[in-house]
2 protein chains.
Amino acid sequence: MPTTADDLRRVALEEFAAAGYLGTSLQQIADRAGVSKATVLYHFTSKEVLLEAVLSPALDQLDGILGQVGLAGLQRGGDARTEFVERFVDFLIEHRSAVYIFVNQATSLVDIPVVERANAEIELISRYFEENAGSVEEKVRFGVALGGAAYLLAGAPVSLPEPDLGALRHALINVLGDLLAPSSAAHSVVSASHTTAD
Amino acid sequence: MPTTADDLRRVALEEFAAAGYLGTSLQQIADRAGVSKATVLYHFTSKEVLLEAVLSPALDQLDGILGQVGLAGLQRGGDARTEFVERFVDFLIEHRSAVYIFVNQATSLVDIPVVERANAEIELISRYFEENAGSVEEKVRFGVALGGAAYLLAGAPVSLPEPDLGALRHALINVLGDLLAPSSAAHSVVSASHTTAD
DNA sequence: CGCGAATCTGACCGATCGGTCAACATCTGA
DNA sequence: TCAGATGTTGACCGATCGGTCAGATTCGCG
């Protein structure tokens, strides 16, 4: 059974992603969770602490992915890249609300520790892709992949087949695979065998 | 010489893009423009009207691009697509702050007419790319291109060579050209002849 | 049972929000 | 010159914000 704190984390995640951190009041979160505003501030000492509790699980998992794949392999672009893309897409889908928050609202959420942690991790990954040939374009490719995926996975007015996450995952792996391929060769590096049927 | 209304539009555009529409108060805009808050509300009857005045020029230009290129050509993917990509990238760069606002803050700005107009235009373009083969992946490619470019052009933590917009433009045309190419063939459809030197 | 810890709440606080208004300054053309 | 339009301002308004606090309620456990 979900505890009150769990409910509040879940509701806050949805509201922060849909209406924005600044656009969501503690009163709204309390109402949707069926408790009073004072209860929210009992479980989380401030709105910032609530945001941190909402984003931290996603950032922890991102840390894990970077550790497993090994960032060194991303530079020269071997199998580590294709493996990274698959794990990265699964991460983006599973934590799409959290990713949307710290990708699309980071610029307006300065001086909040958990947001600065997210920015640091994004910049870290970006640097490894950058150290390949064609520095500027490589950076652009990574930035477009990250920002584009976050935009697409949360409320873009590009009506997607919402329940069919499998097809979305397949398409994202292909598109991001192309974007993050080490050179301009090797299209569709992820074969259909990795995913369910088209 | 810039009028007070011009100053307010310029300052509001920067603030809305940097701190978000909800995160920017009329007092901040007034202070940065060197006038009182009441003066802001004299020139623009409400905060929403100010937002509309800030976003409308970009949306008008987007209308113009769609009219010139001709949306019909985008479906079958001929020369119209490559021409569209170049015009689109120039539009994204020139109006990057406005694009960032109505791409990354649209979900939290519901029921605001100018934002709904922006969503309608984005959805319109998306539909033309969708009617090609591979519906889902085509949509994903367009969504990633738009959201990614908007993310990259405004404050992404992917430190770019800021003054060198020419290199950025070149890279974006290549990357978006790849993403929006009608099939999985024809990499780097935009040759170097279209841009300045590398 | 009973008692302390954990949970929850309504009332309240200062600050800031977008917006209104009457008064004042400045400019313009007859 | 002077009257009306235009521009600007400080004072003020109700509403809502994040956050505090004392007290009520419920829970776990000897």
Side-chain angles (χ1 to χ4, degrees), chain A residues 1-56 101-102 105-116, chain B residues 1-56 101-102 105-116:
Chain A
M1 55 172 285
T3 69
T4 299
D6 291 335
D7 288 339
L8 289 174
R9 265 186 291 265
R10 198 194 68 249
V11 169
L13 175 63
E14 296 172 2
E15 289 292 308
F16 287 161
Y21 176 77
L22 294 171
T24 304
S25 68
L26 295 178
Q27 190 67 63
Q28 292 175 30
I29 296 171
D31 290 345
R32 274 202 40 183
V35 298
S36 73
K37 187 181 70 172
T39 295
V40 178
L41 288 160
Y42 166 76
H43 289 281
F44 306 94
T45 56
S46 73
K47 196 184 179 186
E48 277 195 21
V49 168
L50 176 56
L51 178 67
E52 181 171 352
V54 158
L55 295 185
S56 285
I101 292 172
F102 65 68
Q105 303 180 37
T107 60
S108 62
L109 268 38
V110 290
D111 291 331
I112 297 185
V114 69
V115 175
E116 293 187 354
Chain B
M1 56 173 283
T3 69
T4 300
D6 290 336
D7 288 339
L8 290 174
R9 266 186 291 266
R10 196 194 72 248
V11 169
L13 174 62
E14 295 172 3
E15 289 292 307
F16 286 163
Y21 175 77
L22 294 171
T24 303
S25 67
L26 295 178
Q27 190 67 63
Q28 292 176 30
I29 296 172
D31 290 346
R32 275 203 38 182
V35 297
S36 72
K37 187 180 70 173
T39 295
V40 179
L41 288 161
Y42 167 77
H43 289 283
F44 306 94
T45 55
S46 73
K47 196 182 178 186
E48 277 194 22
V49 168
L50 175 57
L51 177 68
E52 181 170 352
V54 158
L55 296 185
S56 286
I101 291 172
F102 65 68
Q105 302 180 37
T107 61
S108 63
L109 268 39
V110 291
D111 292 332
I112 296 184
V114 68
V115 175
E116 293 186 355

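Residue numbers begin at 1 in each chain, while the letters A, B, ... track the order of the sequences. Hydrogens, waters and symmetry mates play no part in the numbers below; they use all other heavy atoms, side chains included.
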| remark: When rounded to whole Å, the NZ to P distance for the pair A:Lys37 and D:dT20 reads 11 Å
| request: Please tell me if the side chains of A:Arg9 and A:Asp6 come closer than 4.5 Å, counting only heavy atoms from C-beta onward. | output: yes
| Any B:Tyr42 side-chain N or O less than 4.0 Å from OP1/OP2 of D:dG7 | yes
Between the protein and nucleotides 3-5 of chain D, which nitrogen or oxygen pairs are less than 3.5 angstrom apart?
none

| query | With a non-hydrogen cut-off below 4.0 angstrom, is A:Thr24 in contact with a base, only sugar-phosphate, or nothing? | reply | sugar-phosphate
| message | Between B:Asp31 and B:Gln27, is there a side-chain heavy-atom distance shorter than 4.5 Å? | response | yes
| message | Using a 4.0 Å heavy-atom cut-off, does A:Thr39 contact any base of the nucleic acid, only the sugar-phosphate backbone, or nothing at all? | response | base
| task | Name the nucleic acid region contacted by B:Leu41, choosing base, sugar-phosphate or nothing; use a 4.0 angstrom heavy-atom cut-off, strictly under. | result | base
| task | State, yes or no, whether a side-chain contact exists between A:Lys47 and A:Phe16 at a heavy-atom distance under 4.5 Å. | result | yes
| query | Does a side-chain N or O from B:Ser36 land closer than 4.0 Å to OP1 or OP2 of D:dT8, or not? | reply | no
| task | Would you check if A:Phe44 and A:Glu52 make a side-chain contact, meaning some heavy-atom pair closer than 4.5 Å? | result | no
| said: Less than 4.5 Å apart, side chain to side chain, heavy atoms only: is that true for B:Ile101 and B:Leu51? | reply: yes
| field | Beyond-backbone contact of A:Ile29 with A:Val35, side-chain heavy atoms, under 4.5 angstrom | value | no
| request: Could you tell me from which nucleotide to which nucleotide of DNA chain C, 5' to 3', there is an atom under 4.0 Å from chain A heavy atoms? | output: C:dA6 to C:dG10
| query | Can you check the A:Lys47 NZ to D:dT20 P distance for me, whole Å? | reply | 15 Å
| field | Chi angles and distances behind the side-chain hydrogen bond (donor to acceptor under 3.5 Å, both in side chains) call for B:Thr4, B:Asp7 | value | CA-CA 5 Å; B:Thr4 300; B:Asp7 288 339; 5.5 Å; no
| query | Under 3.5 Å, is there a donor-acceptor pair between the side chain of A:Gln105 and the main chain of A:Leu22? | reply | no
| task | Look at the side chain of B:Thr24 and the backbone N and O of B:Tyr21, then say whether any donor-acceptor pair between them is shorter than 3.5 Å. | result | no
| query | Which residue lies toward the 5' end of DNA chain D, A:Gln27 or A:Ala38, if each is placed at its nearest nucleotide? | reply | A:Gln27
